Amino acid sequence: MYDPCSKTLFIGKKIVYLPTCHSTNDIAAELVRNENLPEGTIVITDAQTAGRGQRGARWVTTHGHNLTFSLVLRPTFLVASEQFLLSQAMALGVKRFVSGFTEEVYIKWPNDLYVNDLKIGGILIENVWQGARMTHAVVGIGLNINQTDFESNPFSKTSSASWRATSLRLETGQMFELAVQLPYLLHCLEQAYLYLRAGQYEQIRNDYQAVLLGYGEKRLFRKNGEVFEGLVAGVTAAGRLCIQHSDETRQEYDIREVEWLWPDSHSSPEMP
Ligand code: BTN
């Protein structure tokens, strides 16, 4: 169903297509452990039975409607303190692809893709280290392409996240052929990765901040059950969110520490 990518140098030259699987991240991790997989290999599926999102959330999408895949990279040039750059670069790559179709595309910290405050895609990156060096990373990407009904997503009913989701189809009114769009997305990801590999770290950080959702705005957060308002002041090199409080003090938060809230729900959207 998916041909080796003709628009890239190495990403998507090898494609492992599985009509269904539990999680492409798990399959890619298993493959890379057991064989010498070329960098840029992708594992792609029409449907996952146990798709995983951030913070232990499930990732559930309608069969065959969206792009659901994992990309194997070997960013051995990154040290631990630089690993957030991979997350930023991948989010910028997906953002560039989505921006080809619609406006108002932002990255919600740390690497969710949003259009008009609605989630269109998510990224789950799992890094593997040997000592101080990264040996490989599995970059799992779920991008909502043709899905229009997020209510039938069984998980979203319980998380009340369905109203926070969108897709390229909902944004543009068009239907997309997944196999036609994938090479364009892979091209955007490769460009972003080559930029990272070329050491353009400051540029990546600046580009990321320029499209960071809520940057310079007051937003709602929750920490240890307590809701508070704070100004999104940026993201540190280590990937911590910097929030300025009403008394002008600034604090940095880890992804596990603070939850982003939406004013009308007080629930976080963890699903597409
Ligand atoms: C998130 O926003 O919480 C991240 C979602 C990542 C979902 C993708 S779909 C392909 C890959 N396989 C998984 O199990 N998860 C990622």
Side-chain angles (χ1 to χ4, degrees), residues 2 11-12 15-32 41-73 84 86-95 97-98 105-115 117-128 136-147 150 153-156 158-162 164-168 178 181-182 185-186 189 212-213 239 241 254-256 258-260 262 267-272:
Y2 294 98
I11 289 184
I15 298 185
V16 178
Y17 166 65
L18 302 165
T20 67
C21 69
H22 45 286
S23 155
T24 57
N25 263 37
D26 292 346
I27 304 274
E30 204 178 300
L31 289 176
V32 83
T41 298
I42 69 162
V43 177
I44 187 160
T45 190
D46 296 331
Q48 299 182 118
T49 52
R52 294 187 289 111
Q54 286 177 24
R55 297 161 164 264
R58 289 202 290 144
W59 184 262
V60 184
T61 57
T62 309
H63 194 123
H65 280 50
N66 303 321
L67 283 171
T68 305
F69 65 96
S70 299
L71 161 65
V72 175
L73 292 174
F84 186 60
L86 178 63
S87 179
Q88 291 175 300
M90 293 296 98
L92 285 167
V94 182
K95 192 255 171 218
F97 171 77
V98 177
V105 187
Y106 291 93
I107 298 170
K108 177 176 155 288
W109 174 77
N111 57 18
D112 289 340
L113 279 303
Y114 270 70
V115 179
D117 274 3
L118 299 172
K119 184 163 175 171
I120 196 164
I123 304 177
L124 178 67
I125 303 185
E126 295 176 302
N127 299 328
V128 176
H136 64 266
V138 173
V139 180
I141 297 177
L143 188 58
N144 300 336
I145 304 290
N146 291 318
Q147 185 167 342
F150 292 95
N153 169 341
F155 185 75
S156 66
T158 56
S159 70
S160 62
S162 55
R164 281 266 157 229
T166 190
S167 65
L168 272 194
L178 300 183
Q181 295 309 323
L182 180 68
L185 174 55
L186 296 182
L189 289 168
L212 179 63
L213 184 72
L241 182 67
D254 195 71
I255 176 84
R256 290 171 296 268
V258 74
E259 194 184 350
W260 180 291
W262 299 94
S267 73
S268 80
E270 293 184 304
M271 294 300 298

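Remember, it's a predicted structure, so these values are computed and weren't measured experimentally. When a ligand or atom number is given, it counts from 1 through the structure's own listing order.
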Number the atoms of ligand 1 from 1 as they appear, then name those within less than 4.0 Å of a heavy atom of T68, with their elements.
9 (S), 10 (C)
Distance under 4.0 Å to a non-hydrogen atom of G142: what atoms of ligand 1 satisfy this?
8 (C), 9 (S)
I'd like to know whether ligand 1 has A57 as a neighbour, heavy-atom separation below 4.0 Å.
no
Whether the side chain of N25 engages the backbone of S70 through a donor-acceptor N/O pair (distance < 3.5 Å, no angle test) should be reported.
no
I'd like to check the salt bridge (Lys or Arg N to Asp or Glu O under 4.0 Å) partners of E30; sequence neighbours left out, ordered by chain and number.
none
Under-4.0 Å salt bridge between D26 and R52
yes
How close do C21 and L18 get, heavy atom to heavy atom, and via which atoms?
CB-CD1, 3.9 Å
Where does S70 meet ligand 1, judged by heavy-atom distances below 4.0 Å: at the side chain, the backbone, both, or neither?
side chain
Please could you name the atoms of ligand 1 that G51 approaches to less than 4.0 Å, counting only its heavy atoms?
14 (O)
With sequence neighbours excluded, tell me which residues meet side chain to side chain donor-acceptor pair (under 3.5 Å) with D254.
R256
Out of curiosity, is K119 lining ligand 1, as in a heavy atom under 4.0 Å away?
yes
Quick check: R52 and ligand 1, any N/O pair under 3.5 Å apart?
yes
Counting each atom of ligand 1 from 1 as listed, which ones have a heavy atom of I123 under 4.0 Å away?
4 (C)
In ligand 1, the atoms that come under 4.0 Å of a heavy atom of G53 are 1 (C), 3 (O), 4 (C), 5 (C)
Note: heavy atom closest to atom 12 (N) of ligand 1, options Q48, R55, Q54, belongs to Q48
Would you indicate whether the side-chain heavy atoms of F97 and L186 approach each other to under 4.5 Å?
no
Between N111 and S87, the two heavy atoms sitting closest are ND2-OG, 3.0 Å
With heavy atoms of T24 as the reference, note each atom of ligand 1 found under 4.0 Å away.
10 (C), 11 (C), 12 (N)
Interfacing atoms of ligand 1 (cut-off 4.0 Å, heavy-atom, D112):
2 (O)
Just checking Y106 against Y114, ring centres under 6.0 Å apart?
no
Can you find a pair of side-chain heavy atoms, one from I145 and one from S167, that are under 4.5 Å apart?
no
Contact atoms of ligand 1, heavy-atom distance to F69 under 4.0 Å
10 (C)
May I ask you to identify, for I141, whether its side chain, its backbone, both or neither come under 4.0 Å of ligand 1 on a heavy-atom basis?
backbone
